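See structure below.
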Amino acid sequence: MQHNVSLKPFNTFGFTVTAKYLAHVTNIEQLADIVQFANKNNLPYLVIGSGSNVIFTGDFAGIITHLDTNKITINGTQITAEAGVNWHYLVQFSLANQLYGLENLALIPGTVGASPVQNIGAYGAQFADFCSHIKVFDTKNMQTYDLEADKCAFAYRDSIFKQYPNRWIILNVSLNLHKKFIANLSYTPLKQHLAHQPITALKIFNAICEIRNNKLPNPTILGNAGSFFKNPVVTANIKTELQAKYNAIPIYKQADNSYKIAAAWLIEQCGLKGYRLGDAAVYQHQPLVLVNYGAATAQEILDLANIIQNKVRAKFGISLDIEPIII
Ligand code: EPU
C-alpha cells in the first residue's frame, strides 16, 4: 500500500486531494486483507475505478483501492469482463467479436466495475439492459457470489451498489449481448445523425463517439464527472402544469407513465449556461455538466450546484438531485 498519495489522477474532476493509503489489488485475497485491515484499524475504505463519478470533498483518511484486473471472456453471446477493464475498451472488444448491443454506450468514461453502480446509460441504452449477473465480494460476510441482475435494483442512474456503498465490491460483470445486430435508434438526434444511410453497429458506435465528443468535455482536458444532476422525473399532473406554462419544455414519457424532464433545458432557461464561479463552471455546450477550469475545489463545485438547484427550484418548483457520489 502506498501512503499519502495524491488522488488527482484518480478523480476526473481533477481535485487536489490525497488518500492516506492507496492499494492496487489483483485478487480476492488481497481485497479481503484490505477490508480486514480497514475494519481492524477503523479506517474508511473505498474501491474506485477511474474516479469519473465521484466528488472528493476533502482528503480521504482511509484506503482507496483500485482493482487492476483486466480479463475478458466470451461464452456464446455472453461476455464477462473484470472490474478493472476500461468500459469503452469493452464496447470496442464486443464489436470486434461481432457481439452487439453496447455500441450506444461507447465512450462513457470509467471502468467496468463502476458501470453497474450508477447503471450507466446514454443514447437509449443502459447497463441494466444487458446485465445477466455480477460477481461480487460481500464485505459483510467476506464471501464471493453472483448477484443476478434482478437482485441489483437497477433504476435510472441507481442500483443497490449505489444505495449500499461498500457492502459489495464488484469483481466482474456478465452481459448478454446479441449475435444479430438490431439498431437502437430510440434517441432522436442519433436517428437524425444516421438518416439516409445503411445502419451498422460500427456506424452507431462512430456516431455516438462524434455526438459525445461534440457535446461533452473530455475529462483529460477539462475536469468533470459527466452529468452533474439527474434528469428529474415528475407525475403526469405536474407534467401537464409545466407544459401549460412552458410549451417548449422537453419532456419524455417513461415506461411507468412518469415523465422525465431535460434538466439541461431547465438550467439553460435560468440563464446559467456558461455561468462561472471562480474555476467552477456550467459547461457552455451542455449545462448539465459542471466543469473545473483548473483550481476549483469540490466545495466550489458544490456551491455552484447549490446556486443551480436554488434557481431551478425558484423558477420551476423542481428539485435537481446530484448524480455523482459525494465522498
Ligand atoms: N438541452 C438544452 N440545452 C442544452 C443541451 C440540452 O436545453 O444546452 C436539452 C435539449 O432539449 C436536449 C435535452 O436537454 O434534447 C437532453 O440533452 P442530451 O440529449 O444532451 O441529454 P441529457 O438528458 O442532458 C442524458 C444523460 C447523459 C447521456 C445523454 C444522452 C443523465 C443524467 N444524463 O443527458 O449521461 O449521455 O442523456 O443519452 O441522464 C452522464 O450520466 O454522466 C451522462 C453524460
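Just so you know, ligand 1 is whichever comes first in the structure, and atom 1 is the first atom listed for that ligand. Throughout, residue positions are numbered sequentially from 1 according to the sequence presented. Remember, it's a predicted structure, so these values are computed and weren't measured experimentally.
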- Would E82 and N172 count as having a side-chain donor-acceptor pair, cut-off 3.5 Å? no

- Message: Would you say T235 and N237 are linked by a side-chain donor-acceptor pair, where the criterion is simply a distance under 3.5 Å?
- Response: no

- Query: Taking side chain as C-beta onward, heavy atoms only, is Q243 less than 4.5 Å from I251?
  - Reply: yes

- Is it the case that K260 places NZ or CZ above or below the six-membered ring of Y252, under 6.0 angstrom from the centre and within 45 degrees of the axis? no

N/O to N/O under 3.5 Å, ligand 1 against protein:
residue	atom	partner	partner atom	Å
ligand 1	3 (N)	E268	OE1	2.5
ligand 1	7 (O)	E268	OE1	3.4
ligand 1	8 (O)	E268	OE1	3.4
ligand 1	8 (O)	K273	NZ	2.6
ligand 1	15 (O)	Y252	OH	3.3
ligand 1	19 (O)	Y187	OH	2.4
ligand 1	19 (O)	K215	NZ	3.4
ligand 1	20 (O)	K215	NZ	3.0
ligand 1	20 (O)	Q286	NE2	2.9
ligand 1	23 (O)	N231	ND2	2.8
ligand 1	24 (O)	Q286	NE2	2.7
ligand 1	33 (N)	S227	OG	2.9
ligand 1	35 (O)	R157	NH2	2.9
ligand 1	38 (O)	Y123	N	2.6
ligand 1	39 (O)	Y156	OH	2.7
ligand 1	41 (O)	R157	NE	3.0
ligand 1	41 (O)	R157	NH2	2.8
ligand 1	42 (O)	S227	N	2.8

- Message: Looking only at side-chain N and O atoms, does S132 offer a donor or acceptor that is under 3.5 Å from a partner on Q78?
- Response: yes

- Message: Quick test of your reading of the model: are K203 and E210 salt-bridged, counting only N-O distances below 4.0 Å?
- Response: no

